[in-house]
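These notes are about the structure you will find just below.
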Number of protein chains: 2
Amino acid sequence: MEYTSDSSSDIANGLLIDISTAIMRVSDNELQCRVIDDDKGARDASPPPRLPFGPFMPNQHRTMEISVRQWVREQVGVDLGHVEQLYTFADQGRHIRDTAKDQHVVSVGYLALTNQVDIGDARDKSMWRNIYDFFPWEDWRHGTPACLAQLIIPALETWLADNPDAAERVRVAFGMDELQWDEEFVLERYEILYEAGLIDETFADRRIAEPPHHGVPGASLQLDHRRILATALGRLRGKFKYRPVIFDLMRAQFTLTGLQKTAEAILGVCLHKQNFRRMVEKSNFLVSTGKTEKARGRPAELFRFRHGQRADRPLSGLRVSSSRGRARR
Amino acid sequence: MEYTSDSSSDIANGLLIDISTAIMRVSDNELQCRVIDDDKGARDASPPPRLPFGPFMPNQHRTMEISVRQWVREQVGVDLGHVEQLYTFADQGRHIRDTAKDQHVVSVGYLALTNQVDIGDARDKSMWRNIYDFFPWEDWRHGTPACLAQLIIPALETWLADNPDAAERVRVAFGMDELQWDEEFVLERYEILYEAGLIDETFADRRIAEPPHHGVPGASLQLDHRRILATALGRLRGKFKYRPVIFDLMRAQFTLTGLQKTAEAILGVCLHKQNFRRMVEKSNFLVSTGKTEKARGRPAELFRFRHGQRADRPLSGLRVSSSRGRARR
DNA sequence: TATAATTATGCTCAAATTGAGTATAAATAG
DNA sequence: CTATTTATACTCAATTTGAGCATAATTATA
């Protein structure tokens with residue numbers, strides 16, 4: 001048994017590997033991602049922004065993760081916390097870059113978290129964008145997203161009439177019928193919207209000023225970068241529940257409410273305050289600093305993470321109880 | 001902000017991408033993986049076996065998953081169930097193949113599950129091996145693995161004396177002190193053993209007959225294939241708990257005990273029978289066939305999976321209660 | 001200064017889930 | 001016929017979860 005090759009011309013050519021990184025932070029209680037607007041302000045018909053990406057150069061970096069960390073350090077001036085490989089995308093016809101020499105480019109997606117929020121914003125053409133600019137249907141913090149009920153579900157039902165085979169997938173991904181909306185299915189939902197032709201990426205890497213907007217709301221990204229971003233969000237939501245990755249998004253000191261707002265931004269749902277507090281306290285990850293933060297009402301206690309425990313230790317019990325759909329008091 | 005390249009020589013060269021696949025099945029209540037013994041019986045000094053791998057050819061396959069499915073179909077004659085990309089390994093100096101032309105090879109690991117157990121075994125040099133042949137310390141079904149207590153923990157403690165920075169990682173990965181053994185940390189444990197020099201892979205891809213066995217028990221694989229296999233096992237264990245991937249390892253009909261034995265083979269722990277039964281029944285994934293299977297004692301009811309629900313739907317509640325360490329009645 | 005509004009924190013309580021059994025049923029082996 | 005084996009049903013306490021009420025400590029404002 002062996003994987004054999006009939007035409008070896010494929011191999012001799014070699015491939016390029018791009019590393020594309022979704023760098024995430026939380027600012028103003030919103031999950032944001034760093035994107036680059038190459039032709040910002042240049043013309044009206046500017047292409048959509050993109051994730052920072054660059055070629056992987058095996059001679060210069062021992063591993064891809066080292067590549068990512070070093071690039072981000074040098075180019076963004078940021079030390080990353082959690083860095084995680086997401087997926088290697090090699091789909092033909094899915095906005096993978098093809099170079100002039102006809103070399104295929106495979107793109108490896110990375111998720112990178114930082115807690116450094118005060119880094120140069122207008123220095124170059126890069127900026128922080130709210131993650132839900134790209135996936136408005138994923139944000140349930142203010143109730144059912146308007147675009148979901150008004151646009152997406154009807155459009156999907158129309159599409160399903162011609163594609164009955166996809167019905168079960170769609171039901172599961174979008175929590176239809178008696179099924180629950182699972183916030184981790186970000187990629188599955190994006191893929192379905194893409195297949196159903198409701199996503200504007202089809203026009204994204206050709207210089208069309210304004211895509212014919214029969215699609216669904218949500219900002220586009222170049223190439224397959226929105227897919228990488230969907231993978232990143234889904235992975236972050238999943239990982240959050242059993243590993244303490246949220247800590248890599250927080251500053252040194254924070255209040256429980258701040259922590260909860262970050263969790264809500266990640267998951268795109270509202271959480272029950274008292275239960276969140278109980279769960280966090282039980283997890284034993286926090287240490288009180290003794291200080292308080294004054295704001296509007298009663299001052300909140302400031303916490304920090306327990307020293308030496310930011311490793312990849314299981315965070316049992318961060319399976320957060322959500323009060324999805326409605327903001328609760 | 002951009003990832004820039006100083007030396008572009010790196011890029012012009014191009015890279016090769018190998019796809020290596022951990023094909024898993026369950027037979028005789030054991031989780032097995034397909035490996036290839038290239039020089040089987042040739043000489044005494046044969047190299048260790050390897051996973052099936054081959055180059056990814058973007059001109060022939062639209063996606064890598066299609067590649068995997070087609071290769072396995074053609075070469076093994078098996079239709080795969082669940083197929084999942086694991087990780088893309090590009091580490092220098094970590095047994096990544098370098099070709100004669102000095103082209104770097106990046107290897108993409110895949111996990112593939114099959115329920116077809118009766119496929120040619122001696123047809124070529126490939127065979128099924130128990131997964132715990134490669135990771136004996138991961139099998140807790142018969143109590144604490146002997147090699148763990150007798151060899152690994154002492155060796156790690158010695159190693160930690162010179163590498164105190166790794167202490168927290170090791171504690172978490174191996175469940176030392178008050179921490180729990182987490183069966184999902186397969187890769188973390190393997191990586192630590194590798195770093196600590198307790199793994200024989202260092203000798204694996206050079207033709208040394210018998211590696212100087214100061215290491216830890218467990219069969220070697222060529223290149224970085226044992227690392228891929230560790231990733232595969234960890235991912236399978238994790239996924240099992242919240243997605244119904246176990247079904248892709250089962251035959252059309254099976255008993256609850258058979259299902260449990262499969263779950264135990266995956267997780268490497270024993271499970272409480274009555275609670276496993278309760279959990280499975282509640283998940284509503286099974287349908288009785290009305291038939292029974294006669295064996296030793298009381299005949300067991302035969303089940304099949306509910307039609308149309310093998311999709312990637314969440315399997316809430318398969319967070320199995322383990323009676324780790326002891327086989328229970 | 002008193003009172004309303006706001007935010008944080010403490011506590012309760014029922015429902016659901018989990019962990020660990022006991023009890024009983026239906027077969028085979030001797 | 002009896003012991004053994006395996007399957008299945010049921011129980012029960014401990015824990016976890018989901019939801020809410022109650023109280024505390026501030027600021028805003030009348």
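Here is the naming used below: chain letters follow the sequence lines, and residue numbers restart at 1 for every chain.
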Side chain to side chain, A:Arg235 and A:Glu184, heavy atoms closer than 4.5 Å = no
Presence of B:Lys282 side-chain N/O under 4.0 Å of C:dT18 phosphate oxygens OP1/OP2 | yes
Counting side-chain heavy atoms from CB outward, which of D:dA24, C:dG21, D:dT8 is closest to B:Arg298?
-> D:dT8
Taking atom P of C:dA8 as reference, at what distance in whole Å does atom CG of A:Leu259 sit?
-> 13 Å
B:Phe285-B:Phe247 aromatic ring centre distance below 6.0 Å = yes
Distance, rounded to the nearest Å, where B:Phe276 contributes CZ and C:dA20 contributes C1' | 17 Å
Length of the line joining B:His272:NE2 and C:dT22:C1', which is rounded to integer Å | 10 Å
Given D:dA7, is OP1 or OP2 found less than 4.0 Å from the side-chain N or O atoms of B:Thr257?
-> yes
Determine: side-chain N/O of B:Lys273 to OP1/OP2 of D:dT8, distance under 4.0 Å, yes or no.
-> no
Ignoring hydrogens and angles, tell me if any N or O in the side chain of B:Glu264 forms a donor-acceptor pair with the backbone of B:Leu271 under 3.5 Å.
-> yes
Under 4.0 Å between a Lys/Arg side-chain N and an Asp/Glu carboxylate O for B:Glu138 and B:Arg189?
-> yes
Polar side-chain contact B:Gln274-C:dT22 base: donor and acceptor under 3.5 Å = yes
From CZ of B:Arg296 across to P of C:dA29 the rounded distance in Å is 6 Å
Rounded to the Å, how far apart are A:Phe303 CZ and C:dA8 P?
-> 12 Å
Just how far, in rounded Å, is C1' of D:dT5 from NZ of B:Lys294?
-> 15 Å
Residue-phosphate contact under 4.0 Å: B:Arg277 side-chain N/O, D:dT8 OP1/OP2 | yes
Base, sugar-phosphate, or nothing for B:Thr255, non-hydrogen atoms under 4.0 angstrom?
-> nothing
Step through it carefully: locate the ring centre of B:Tyr190, locate the ring centre of B:Phe185, and say whether they are under 6.0 Å apart.
-> no
With DNA chain D as reference, determine whether A:Arg278 or A:Pro299 sits nearer its 5' end, using the nearest nucleotide of each.
-> A:Arg278
Between CG of B:Asn275 and C1' of D:dA14 the distance, given in whole Å, is 13 Å
